[in-house]
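What you see is a predicted model, and the numbers here were worked out from it, not measured in a lab. Numbering of ligands and ligand atoms starts at 1, following listing order. Values reported hereafter were calculated over all heavy atoms of this structure, with side chains retained and with hydrogens, waters and symmetry mates removed.
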Amino acid sequence: ENSNTKSWVGTSLNEIYGKWGPWNYITDPVTPSRYNHVFYNLETVDLKNPPKPYCSSEKLLWDNDNVRMPFCEKNLFPVQNDDGTEVLKPRWEIIQTSLLQTINNSRELEALMNTYNTRLPRLINLHHFFEEELEQEEAEHFFKNVLPGIIDLALQLPHLVQKNVPLLKQGVQKSLTLTQQQIASLLANAFLCTFPWRKDTATSYPGVNFIRIFGFQYKPTRQNAIMNKLRCICHYFRKVLVKSPVGVVTFERKSLSKHLFPRWDKEENNLGNTRIHICSEGKIEDAKGLLQVDFANKNVGGGVLGSGCVQEEIRYIISPELIISRLFTERLDSNEALVVIGAERYSKYKGYGDSFEWAGNCEDLTPYDEYGRRRTTIVAIDAIPFRKASDQYTSALMLRELNKAYVGFYSRFEKHLPAVATGNWGCGAFRGNPYLKSLLQFMACSATKRDLVYFTFGDSELRDSIYNMYTFIATNQITTGKLWRYLCSFSNSKLSGDSLFAFIQQAHFDVKKQLAITDFMKNFSTEAPST
Ligand code: AR6
């Protein structure tokens with residue numbers, strides 16, 4: 001690369017990968033246990049056909065610890081008899097009867113969905129999509145060929161998932177590994193809005209039925225993004241229906257107890273030992289083999305099933321398997337993160353936010369690990385949304401962000417961990433300051449022994465400032481503990497965020513000067529002749 005056009009500074013990506021390259025990192029094994037639930041027969045992973053679902057005669061639970069499946073016999077629905085009296089009928093029967101009818105357009109689909117789900121608004125976005133957005137032939141093709149496939153996939157759920165799916169609740173470290181086919185079936189149910197509404201989880205879980213994206217009225221400027229998100233979803237279903245994907249995906253909730261976080265003021269590691277690659281071009285989702293950060297909402301997926309269309313929503317909509325995490329992942333607490341290994345990418349895109357556009361099929365060529373997962377690891381960490389910019393410099397909140405990054409990046413493996421691929425985490429919709437957030441993420445990388453690959457999203461000035469700061473930290477052998485103390489004194493100074501880097505450099509000089517004086521005084525007092 002010509003140095004004039006070079007978009008990155010720091011260590012080259014090749015060097016960061018080292019001789020192993022991007023695809024040879026150790027991945028956490030899939031081993032069934034009380035805390036690692038596996039939903040298929042492990043011996044049937046052959047990467048030619050979808051692994052066989054785990055068969056069980058386990059009783060399907062309808063309780064507060066498990067996903068309530070739409071086909072559970074306890075899922076009852078009031079229907080009117082001819083004489084006006086009400087009886088409770090198994091809802092799955094109604095779902096089956098309704099969905100096995102011929103459906104020619106979105107109005108008919110809406111009417112049928114209303115027979116088993118009473119919480120639907122009018123599905124205005126869905127109608128707009130099929131009546132205004134798509135060409136008539138495209139819409140006809142959908143109702144003739146794709147929708148019957150989605151329905152078939154949805155109705156196979158009782159065969160595909162026979163084991164209870166535990167909720168990933170706050171405070172419990174637990175993982176679920178499902179086949180991509182099982183996920184497709186669950187997503188087909190979410191698309192058809194068959195998951196029962198439940199009061200106990202309504203606010204503490206993100207929710208997976210496609211209600212808002214189909215039916216909520218948003219600002220007209222959002223319309224374009226919503227339509228293109230629906231294109232991504234349709235493309236996903238089209239693709240998995242033509243050929244069922246053959247891999248598996250692990251969803252792991254990480255939850256670290258308080259005493260396991262570092263004492264940041266006591267960390268003596270030299271920050272300069274962590275290598276960094278900062279690039280003003282490129283995107284996190286294209287960083288092969290690295291730990292890709294999802295700039296998450298505490299309800300994972302954020303507005304993906306609504307009108308949201310920034311980093312997290314885009315990540316989820318181009319890899320819709322991520323969306324199913326919303327079915328079972330309770331809102332993230334401050335000491336928690338969600339890691340997803342193996343999600344496939346289905347769509348390309350252009351634009352961002354309101355200008356987001358589906359840009360066709362993406363052939364995911366990521367190799368599989370030995371357990372049948374694509375070697376793509378995504379970690380959802382939610383920053384704090386700041387109303388007032390100045391709030392973010394209070395030490396309690398900086399600590400919260402530092403620990404959040406730490407729990408996301410931490411691995412029980414200690415050697416040869418993939419670098420973290422991140423960027424302006426918490427600095428868009430959540431209004432944080434990228435100068436501060438880059439330092440906090442850098443400290444978390446150093447503490448978890450990972451290198452840092454940082455994308456500044458087109459901002460070459462930011463790239464250079466972060467790199468200058470890094471060089472300063474490395475040449476002066478500043479430790480994490482020291483940097484943490486500088487950040488705390490910045491917090492007390494009440495200066496504006498723009499002066500953060502200058503402040504740290506000054507603080508370091510002052511400390512050095514102070515040390516030199518103290519040293520001098522010490523020498524002076526020991527060398528002074530006693531009388
Ligand atoms: N790769 C690298 N950098 C990116 C990318 C990308 N693909 N996309 C965006 N950026 P934002 P937040 C940069 O606003 O502030 C969602 O609704 C770009 O500079 O998505 O943490 C979630 O669900 C952008 O301004 O993250 C949460 O509710 C910056 O990253 C909320 O947004 C921040 O992206 C989180 O907001």
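Close contacts of ligand 1 with G302, meaning ligand atoms under 4.0 Å from a residue heavy atom, involve 23 (O). When each atom of ligand 1 is checked for a heavy atom of K283 under 4.0 Å away, the hits are 1 (N), 7 (N). Listed by number with element, the atoms of ligand 1 under 4.0 Å from a non-hydrogen atom of E285 are 6 (C), 7 (N). Residue-ligand proximity, I284 to ligand 1, at heavy-atom distances under 4.0 Å covers atoms 1 (N), 2 (C). Listed by number with element, the atoms of ligand 1 under 4.0 angstrom from any heavy atom of F295 are 21 (O), 22 (C), 26 (O), 30 (O), 33 (C), 34 (O), 35 (C).
Using a 4.0 angstrom heavy-atom cutoff, G423 does not count as in contact with ligand 1. The shell of residues lying under 4.0 angstrom from ligand 1, judged by heavy atoms, excludes A383. Close to ligand 1: G426, with a non-hydrogen atom less than 4.0 angstrom away.
Geometrically, ligand 1 and G282 share no nitrogen or oxygen pair separated by less than 3.5 Å. Between R431 and ligand 1, not a single N/O pair is under 3.5 Å apart. Ligand 1 has no nitrogen or oxygen under 3.5 angstrom from a nitrogen or oxygen of A296. Between C427 and ligand 1, at least one N/O pair is under 3.5 Å apart. Between N424 and ligand 1, at least one N/O pair is under 3.5 Å apart.
For atom 25 (O) of ligand 1, the closest non-hydrogen atom on the protein side is G428 CA, 3.6 Å. In terms of protein heavy-atom proximity, atom 24 (C) of ligand 1 is closest to Y352 OH, 3.7 Å. The protein heavy-atom contact nearest to atom 4 (C) of ligand 1 is F457 CD1, 3.2 Å. Nearest to atom 27 (C) of ligand 1 among the protein's heavy atoms is F430 CZ, 3.5 Å. Atom 32 (O) of ligand 1 has V310 CG2, 3.5 Å as its closest protein atom, hydrogens excluded (heavy atom only). Of all protein heavy atoms, the one lying nearest to atom 20 (O) of ligand 1 is Q311 N, 3.0 Å. The shortest contact between atom 22 (C) of ligand 1 and any protein heavy atom is with E312 OE1, 3.3 Å. Scanning all protein heavy atoms for the shortest distance to atom 17 (O) of ligand 1 gives E313 OE2, 2.6 Å.
D382 has no carboxylate O lying under 4.0 Å from a charged side-chain N of R331, or vice versa, which leaves the two without a salt bridge. Salt bridge annotation for R231-E357: absent, with no cationic side-chain nitrogen under 4.0 angstrom from a carboxylate oxygen. Look at D391 and R431 and you find no salt bridge, because none of the NZ, NE, NH1 or NH2 atoms lies under 4.0 Å from a carboxylate O.
For the pair K482 and W484, the NZ or CZ position fails the cation-pi test of under 6.0 Å to the six-membered ring centre and within 45 degrees of the ring normal.
A ring-centre distance under 6.0 Å is found for W264 and Y406. Checked against the 6.0 Å centroid threshold, F386 and F430 do not count as a close aromatic pair. Aromatic rings of F214 and F129 (six-membered ring for Trp) have centroids beyond the 6.0 Å cut-off, not under it. Taking the six-membered ring where the residue is Trp, the centroids of Y25 and H416 are separated by under 6.0 Å.
Considering E336, Q170, K298 as possible partners of E330, the one that fulfils the side chain to side chain contact (heavy atoms under 4.5 Å, CB included) test is Q170. Among F490, Y393, Y486, the one residue that satisfies the ring-ring contact (aromatic ring centres under 6.0 Å, His included) test with F503 is F490.
At distances below 3.5 Å, not a single donor-acceptor pair connects side-chain atoms of N299 with backbone N or O atoms of G302.
Environment of NZ in K169: crowded, with over 12 heavy atoms of neighbouring residues, nucleotides or ligands closer than 6.0 Å.
The NE2 atom of H235 sits 14.5 Å away from the CG atom of L230 when rounded to the nearest 0.5 Å.
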